[in-house]
Structures are given as structure tokens and as C-alpha cells.
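I am attaching a structure below and will ask some questions about it afterwards.
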Amino acid sequence: MQDSYKVPDFDGFVREATPIFKERIYTDYLHRFAYGIDASCYAYVPRVVVRAFDENEIIKLFALSDKYNAPLTFRAAGTSLSGQACSESVLVLANARWQDIHISPDAESIFCECGVIGSEANDALKPFGKKIGPDPATINNAMIGGIFSNNSSGMCCGVKQNSYNTIKSVRVILHNGFVLDTSEGAKKSEDIHSFLQFHKDKADALLALREKILKDKNLCKLIERKFAIKNTTGYSINALLDFGSIKDILNHIFIGAEGTLGFISRVEYECVPDNAFKACALLFYAELNSAAKAVQILAKNDDKVSAAEIMDYACLKSAKGLEGAPKELNSIKKGQCALLVQLDDNTKKGLESKISFISNLLSEAPSLFGTHFSSDAKEMDSWWKIRKALLPLSASLRPSGSIVITEDICFPIESFAKGIEKITRLFEKFKYEGIIFGHALSGNVHFIITPHLGQKSEGERFGAFMEAMVESVLALKGSTKAEHGTGRMVAPFVEKEWGAKAYEINCHIKHIFDPQGLINPDVIISNNPQIHLQNLKDSTQVEDFINQCMECGFCEKVCPSKELTLTPRQRIAVRKEIQRLENITNRNAEQEEILNELKQGYKYYGVETCATCSMCATLCPLEIDTSRIALELKPLVTHNAESGAFGTFIANQTSKHFASTIEILKSGISLNNALFSAFGANVISDLSLKAHRNLHTPYVPKAFPQANHYALKSKMIKQDEKTTLKVEKVIYFSTCINRAFAPSKKALDKRSLQEVFESVCKKANVSVIYPRNLRNLCCGKAYKDYKESALHKAQELCHTFQAMQKDGEVAIVCDHSACSYEIMQYVRTIAVDSKLKIYDMPQYVESVLLERLNITPKDEDIAFYAMCATKKGKWNGVLENIAKACVSGEVITHSKTQCCGFAGNKGFMCPELNESALRELQIFYADKHKSTLQSKGIKRGFASSSTCEIGLNDKTDIVWQNLLYLVDEVSSAKS
């Protein structure tokens, strides 16, 4: 344990670390608070936060930690639930730059750095019919560092395919900076032989512990029994019993250690089969006992069953509103529950055999609506969506002022029913409205309670509940932590669960690898018996649309500002912290200073750098749209009424004189391009970037568009007697941004988008009709910060459409996907009786134009980007279909970039957001250039948003244009 007489010198740590990490070391309260947030119920504010980019930096941090006695805590995704990734000392973020994946030539193993998201590892293995073993419910967000360090298991892997049983090698940095690599290809200075040479004392100490265990038969039996079921309480001391080789012991001892023994840099997993044929059944039961009988049947045949997930009535009730939820949820009654069962096989015949076998067995435990297995991917995905969203969904129903406590325990399968019964009785005894779900096939039960811990009596009640829960679990020879990790929540109970002998071994393991107690203290091993009841999250209430966020972090991976400023959950958490401080009536000087700092900083970190793309809502089980903070609360959080009044005046004037506004904008574009011609685009762009950083003036991208002077006149086509293709009409609303912008000088095709659309329509025998008052029209998105002006422009546009279109007979096409989405949302929510038939341009191309054209695909690989609005509107697949129809080569997408961060005008006013959002995309397409040595390489990219294309052109060597240019290039008129 840490020497209590040595006081940490954080000032010294920061002083020496700052020249190394520069802008990546944070000591201000806003960053420390925001980055300290994780998915657990704990609220720790680190003294220092550091972003580490490579192993050398980790080694330097260990040296500084030792020198200044400053404890380190390492974090990847922050999706853990038990407080193991919290810190009140130095929090080290190791995620964004730790994402390398390497698959062995035979696809038998996969090397993943600690920042690789679990689902991304599976995506890489999918072409080989393989996956990694662990499959936690958070696999779409959780990173390998956390999955490994918690020994996470999940729905289908049970104990057989968790990290412990599928590990092949580990790369870990020890407290003294030594890099240990147990892989076959390790450098001599880092391999097991080098470890034995320089750290013989550690190896000897581990082997001595092994001998101690082997001599105690009762202890051996205890370890075998405890790890026969899911168990993450304490360290993996089973490694000392299971293996005699020091290499094997080292491979396994760090699993489930929760970052308390060293820094896990990389893991090599054995790849397991991902059977191609799957089927699921959602079975409903009258009560949990009936479901438990079915569970026992399934568990006896776990060689044929992949998963069996139990969900109680409260779970099912919370999932009723989910998109695609099964109709049975509407008729469930209190007390009823469900089992989600999955079977899989590598052949269709094998799957059918399993379905028949299991269905017959389940007749002994009949479900309320019969047993029906489905192989429909959409239906199965909808069922799994319910299961994986249960934690945040259930948490959203918590009473006002309460916090979310989630626990996971495990029972031997023969005690499963009794275990659930005991937990249910504890809910009644302590007056908690708890919910129960979990991995029933493994005897693994998760439950959620939502206590009010603001009062001392409530804290005491929760403490008594925990004590009783531990007693109940141990009485049935279960685990108090099955797969969520010990953390702070169960650290006080490790000795009680294991007994004095085994606990002493746990303490020895900690001391071997962390003699000074400076690596993630108070996790797993703690001298504080109340650590699980301390520093719990506050329950401050703010705006309704963000109140129910439980900070699970599901939203983070798609946020374009995640590496620049704050993520959605951090924006919400800081908003709550501001409100908490404002609620204090007699703030002291320190609280007042912190509050002012948060308010001032939130303008940039919470509002200005939010792309308002709403991609966070697409992954949030509660569909919380954090962009509403920036859109709706901007006046509240920026506290600038004077500026707001002036902005409103400007918005009103420009919206009233919109045609003149666009002409002024064109003049500015022409002036900029004149400067480009005189001094060079690179010079002007670089100067503008320097000015932006110093004076906050707009940035001018290198691929700045030219002014659009193409005359927009309707193009009517007469019916040609030689063709049977009937002439159609389309109303073409060309957006204000595309009326102002023409392609940049970098573009390969410099025609305006309107000219190209007219060209494609002419080939397809379609007349193009422009609205007569087009010069004054705007969808309102340009005025998103000014509701009155935005509403006025949206109404004006829709009235124009209604006047031109009779009963939806003529299609309306919009040429910018973000504006198309805006118009469609307005029509759905405001003009509900409208029969307007509105298409985004790609939608119109696919549904109408392609079948009226001859397409001759080009033999070319192209880059492809579907902007965030198409994903929210769920027509991104349309763009990809068009791209694939137009080329016979590969359509290459960087799936991890969900929003480019250009965000309309923010690309000019906040270019760092666009830069950060496209960092990985830049690297991806640069690597693709290098990897296509035998081909022509990727020269062109296509999208459907002129503003996004500006950012993409600015940040890559690929030339990006609207997808319509490609359609025009490869199409011809049908004869």
C-alpha cells in the first residue's frame, strides 16, 4: 500500500510534465471535472489530467509518478461501472492514439492496442469469420484496455471465451518503466527472458505465491470453485494455480487487474469462430421462477446455446418505446419477464438441428407466447438492442434526485433461482424499486437500484443493503462481482468474499507490481471500508432533455469534438456541475471562482465546439440530443444578452433581404479568390489560420469555393416521339449555400452543381423547374441560432412548395443533404398535413433518375463520405448504392468518421473542430494511397454536402465533389 507519510507533490509533477505534454496536460477545473466523468456512480475530480499518445510518454509518467509520489490512474473508454477508472490524483487518458490492429497471417490471433473499441476488433475479423471472445453489452464503446483489465465477458462468451481463456500475449509497462512483451515476436530487451534477467525478484515472488497455494488444498479448492463461475472479485489468483510457467502466469495475472498493476499497452487475443448462421427467440414467462426453470434447461445444454439473457418486468417496461420493439411488450403484465435466447452454428443445417433440439427441451418450461426462433437479422438486432440498452434505459426512469447503482453478481446455475429470489427480497426489505437482468446462461445477474443518497440516513440504508447483498451472495457460494470488475464498489468486501489467506495473496500481488501503491490506489485493494459509499455522483437537475443521462458514454465515439474539447456526456456533466454550484446560496470564494471558470470555459468547450450534428442521439439509448445544449441553451450558457440582441437584429435584416445577403456573400467569395490568385491559396489560408488563432477571425480553407454565377432558369423538355420515356418534372430547390458556391479551383469538374443536375435530368428526360422566388429562399438552417428568423424562412419555403405542387404530384429536390433533412423535419413536425414529396438529391437520383439512365461504371476506386444528416435521416445507404452503381472498383469509406465537424459555418469560425474530427480520416485515406501500389490509387471522393466537401478537400489530398458529378460522368440517355 502507499506510504501514508509521503505527501504527493502535484505541483512538482505538473511543473516537470508540462514541457513534455504541453497542451495535453490539464489542471483547470473544467477539464479535470469533465475528463474525470465515467459511467460509474462515483464522482472523483482528478488533480491533473494527461493525454498520453505513446509508450514513451507512459514511461515518463511512471517516472514522474515515482519522483513526486503522484498516483496514476489509466483510462480508455470510461464505460466501467464500479469506480475502477476514477481518480483524485493523476488521470491518464489512453484512447484516441492507441488504435492499431494487427491480425496474424492465419487469422488465428489479433493484436489490439488498448484504445481499440471491441466492435472494431470484430469488424476487422469479420472477413475471416472470426471475432474476439469477450462480448460485453458495451462492446460498441468499450475499449480493449478496459475489456481486458476488467476481464469483461458478456452475453455469449460466458467463462469459456473471456479474456482469461483467450489471451495469447500481453504488452505491459511496469511501474519502473520496463516494457514486458510476452508475444512471440517481442524484442529481446522486452521479452520474457529479459524480464527474468532484470526482474527475477518479481518472478520469484509470483512463483513463491504459487507454491504457497499448491500446499494448501483447501485454498486450491476455493480458487477452483470461485473461478468455475464468472468472478472478477480481486485479482486473477487462479493464474497461480492454473499455470506453472512464469510466462503463462504473466499473461494472465494482469487480466482483471483493473489497471492497478501496470499499463496495458497491447493485447493479443486468440480469435474465436463467429458462426455465420444465427437464430434468436424472445420468450416470455409469467414470473422469474418460471424463467429460471428454462434457464436451468438451457444451461445443461450450453454447448448448443450461445446466450440466454433474462429481463424482468421493469426492463421490458422501459423498452416499450424503443424503435422496433416487439408487439408483445405492449401486453406484458406486472411480474412477467423474458428470456432472449441465441443459437448459432457454422452451417444452416446445424442451426436448424439446434433449434429443433432446444425447442423440444423448452416444452418443459413453456413460454407465454410459444417458442419461435427467428433468423431475420433486423428482428434479432431489435431484440439485442433492447438488451444492450437496458442499463441507460432503466436509469432514465429513475426518480428525480436519485442516482444509478448497478451491480452484477453470479450464482452457480443450480442456485440461480434462489439467488434471484434473495435479491428480490432484499429489494423489498430495503424498499428499493430494483430491476433485474443479466446473463442467465452463466448464472450472472445484474440489478439496478436508484437510491437517494443526499441524506445520511439514505447512505446508511444503502450501506446496509450492500452488506446484506454480499452475505446473501456468499451464502449461495456466488461472486459479488461477476464481470464488471471489483472497483471501489466491492473493494471493501474482497477479504470477506475470499477469506484471509486468499486476500493476503491478493495484497502480495499488488505489492509485487506496485510497491509504492501509486498505480490506481483504492481499487481492488483498499484500507478504506467505506470507499464504496464515498464520492457518489450528485443528482442536480437541469433541463429535462438531458436530466436522464447516466453518463454511460455510448455517445462518445461518434462525437466530432471528442479529441478537441468535450464529448456529449461531458457537456451534460459540466452543465450539471454549473447548476450545482449555482444552487449553492452561500458560495465561498473557491466555489465562486470555479463557477466563473466553468461558465466562461463552457462557451467554447460546451457550445462553440459542438458541431450540432446530433450524431450522439443516434447511439444514445434514450436518444438524448446533446446538440440542443448549443442550439437552445446558448443564450443561457453564454450570458451575453447584448451580443444576442445584435445578432437577432442582423438575423432579422438578412433574412428579410436574403437575395442581397447572398450577393454580398458572393462578392466576398470573389474577393477571397482574387487574393488566392495574387498571393497563392496556401499563403492566404495559412495567414488566415494564424489570424484565427490570435484574433478569432474566420479561417479560409485552401479549397475555398468560387462564387457561383450560373444563371438558374427552368429547363423544360418536350416529349420526343422517338423515345417511349415519358417526360417528368421536378421542382429543384437549390439551397442558398449552393447558389453562392461553385466548385473550387482544386475541383476536377468546375461546373456548378445546378448545371450538372440539369445535365443529368436532360439525359433522363426530366424537366427542371426552379421556384420563381428562389433568390429569397432558405430552409432556415442558416438561422439555427435565431428561432424566429429560422421559422420565418422555413414557412416561406414550404408555402412556396405548396403553391407550386398539387397533391404531391411533382417531386421536390433539395441539393444539400443537411438542408434536405432540415426541411423534412420541419414538414413532419410543423406542416403535418402537407403532401409535399421532398427528396434529398441522392434519394431522387436513386429512386427516379437511375432507372431512366444508362450507367457505364468506371473502373476506379473512390473515396466516399455520407454526411451526418443522411445518417440521421437513414438514407446514407442510398448514397452508397449510387456510388457502387457508378464504379466497378471499391467504394472506400472511413466508417469511424460519422461527422466531419465542418458544421456549416463552424468550419470557418472553428477550423480546429474540422481538423480534429477528420484526424483519423486523413490517416486512413493516406494509408489507402500507400496500400494501392498495384492500382491507380484513390484520387477522388464523393459526398452530398458542399460545406463538408470544403473540409474534406482541405484535410486530404483527395479531390471531393458532390456525388452527382460522378452520376453525370458515367450516365447517358436511354435510346
Side-chain angles (χ1 to χ4, degrees), residues 603 607-608 610-612 627 630-635 638 640-673 688 692 695-701 704-712 733-742 752-754 770-801 814-823 825-826 830 869 902-911 945-948 950:
K603 295 176 186 178
V607 174
E608 292 174 13
C610 174
T612 64
S627 72
L631 293 171
E632 299 177 21
L633 305 184
K634 187 174 182 179
T638 55
N640 195 338
E642 187 176 324
S643 174
F646 179 70
T648 300
F649 172 77
I650 295 297
N652 287 337
Q653 292 303 308
T654 56
S655 66
K656 289 176 182 177
H657 308 285
F658 198 70
S660 299
T661 301
I662 296 300
E663 290 305 313
I664 293 170
L665 175 59
K666 288 183 184 180
S667 298
I669 295 169
S670 297
L671 175 61
N672 179 78
N673 278 285
S688 74
H692 167 75
L695 304 173
H696 306 294
T697 53
Y699 166 66
V700 181
F704 199 77
Q706 298 185 85
N708 187 353
H709 297 296
Y710 183 73
L712 304 184
F733 168 58
S734 184
T735 56
C736 58
I737 200 73
N738 285 328
R739 300 200 303 271
F741 288 171
S752 72
L753 182 59
Q754 297 86 353
Y770 290 101
R772 290 180 182 177
N773 59 334
L774 180 61
R775 295 174 70 247
N776 292 306
L777 295 179
C778 169
C779 69
K781 190 171 178 62
Y783 297 96
K784 61 186 177 183
D785 290 337
Y786 305 96
K787 285 188 175 180
E788 186 178 332
S789 296
L791 181 61
H792 168 71
K793 298 308 291 183
Q795 289 173 336
E796 182 183 22
L797 179 64
C798 280
H799 290 157
T800 299
F801 288 162
C814 175
D815 63 9
H816 192 290
S817 292
C819 299
S820 300
Y821 182 80
E822 194 81 6
I823 296 166
Q825 290 299 104
Y826 173 77
I830 307 298
F902 204 87
N905 66 333
K906 286 198 176 184
F908 304 113
M909 303 309 298
C910 189
S945 159
S946 51
T947 45
C948 294
I950 294 171

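Heavy-atom basis, side chains included; hydrogens, waters and symmetry copies ignored. By convention here, the first residue in the shown sequence is residue 1.
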Smallest separation among heavy atoms of C948 and F902, with atom names: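 Smallest heavy-atom distance, with atoms named: CA-CB, 4.5 Å.
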
Quick one: closest heavy-atom pair of K906 and V607, and the distance? NZ-O, 3.2 Å

Rounding to 0.5 Å, atoms CG (N905) and CD1 (I737) come to a distance of 8.5 Å

Y770: partners by ring-ring contact (aromatic ring centres under 6.0 Å, His included), with sequence neighbours left out: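 Y770: ring-ring contact (aromatic ring centres under 6.0 Å, His included) contacts with Y732.
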
Indicate yes or no: at least one non-hydrogen side-chain atom of L753 is less than 4.5 angstrom from one of Y710. no

Let me confirm one number: the CG-CG distance from L797 to N776, rounded to the nearest 0.5 Å. 11.5 Å

Does T800 reach the side chain of F733, with side-chain heavy atoms less than 4.5 Å apart?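 Result no, sub-4.5 Å side-chain heavy-atom pair not found.
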
Taking the side chain as C-beta and beyond, is there a heavy-atom pair between C814 and T735 under 4.5 Å?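 Yes, side chains in contact.
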
Heavy-atom pair with the smallest gap, counting every atom of F741 and T947: CE1-CG2, 4.5 Å

May I ask you to establish whether K793 and Y783 are in a cation-pi arrangement, using a distance under 6.0 Å from NZ or CZ to the six-membered ring centre and at most 45° from the ring axis? no

Can you confirm whether E788 is buried at CD, in the sense that more than 12 heavy atoms of other residues, nucleotides or ligands lie under 6.0 Å from that atom?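 It does not: E788 CD has 12 such atoms or fewer within range.
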
Hey, does R775 have a side-chain heavy atom less than 4.5 Å from the side chain of I662? no

Would you find a donor on one side and an acceptor on the other, under 3.5 Å apart, between the side chain of T661 and the backbone of T654? yes

May I ask you to test the Y699-C910 pair for a side-chain heavy-atom distance under 4.5 Å? no

Are the side chains of F908 and H692 in contact, using a 4.5 Å heavy-atom criterion?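 The answer is no, as the side chains (C-beta and beyond) never meet within the 4.5 Å cut-off.
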
Under a 4.5 Å cut-off applied to non-hydrogen side-chain atoms, are N673 and F704 in contact? yes

Can you check whether L774's main-chain N or O pairs, donor with acceptor, with R739's side chain at less than 3.5 Å? yes

Look up atom CG in N672 and atom OG in S667, then write down how far apart they are to the nearest 0.5 Å. 12.5 Å

How far apart are the closest heavy atoms of A707 and S670, and which atoms are they?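 Looking at all heavy atoms of both residues, the shortest contact is CB-OG, 3.4 Å.
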
Hey, mind stepping through N773 and E796 against side-chain hydrogen bond (donor to acceptor under 3.5 Å, both in side chains) and telling me if it holds? CA-CA 10 Å; N773 59 334; E796 182 183 22; 4.6 Å; no

State, to 0.1 Å, how close K784 and T612 come at their nearest heavy-atom pair, and which atoms those are.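 Scanning both residues, the minimum pair turns out to be NZ-OG1, 3.2 Å.
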
Between NE2 on residue H696 and CE on residue M909, distance to nearest 0.5 Å: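 That separation rounds to 10.0 Å.
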
I need the S660 OG to Q653 CD distance, nearest 0.5 Å. 11.5 Å

To check you understand the geometry: which heavy-atom pair defines the closest contact between I950 and P705, and what is its length?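 Shortest heavy-atom separation between I950 and P705 comes out as CD1-CD, 3.8 Å.
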
How far does OG of S734 sit from CG of D815, to the nearest 0.5 angstrom? 4.0 Å

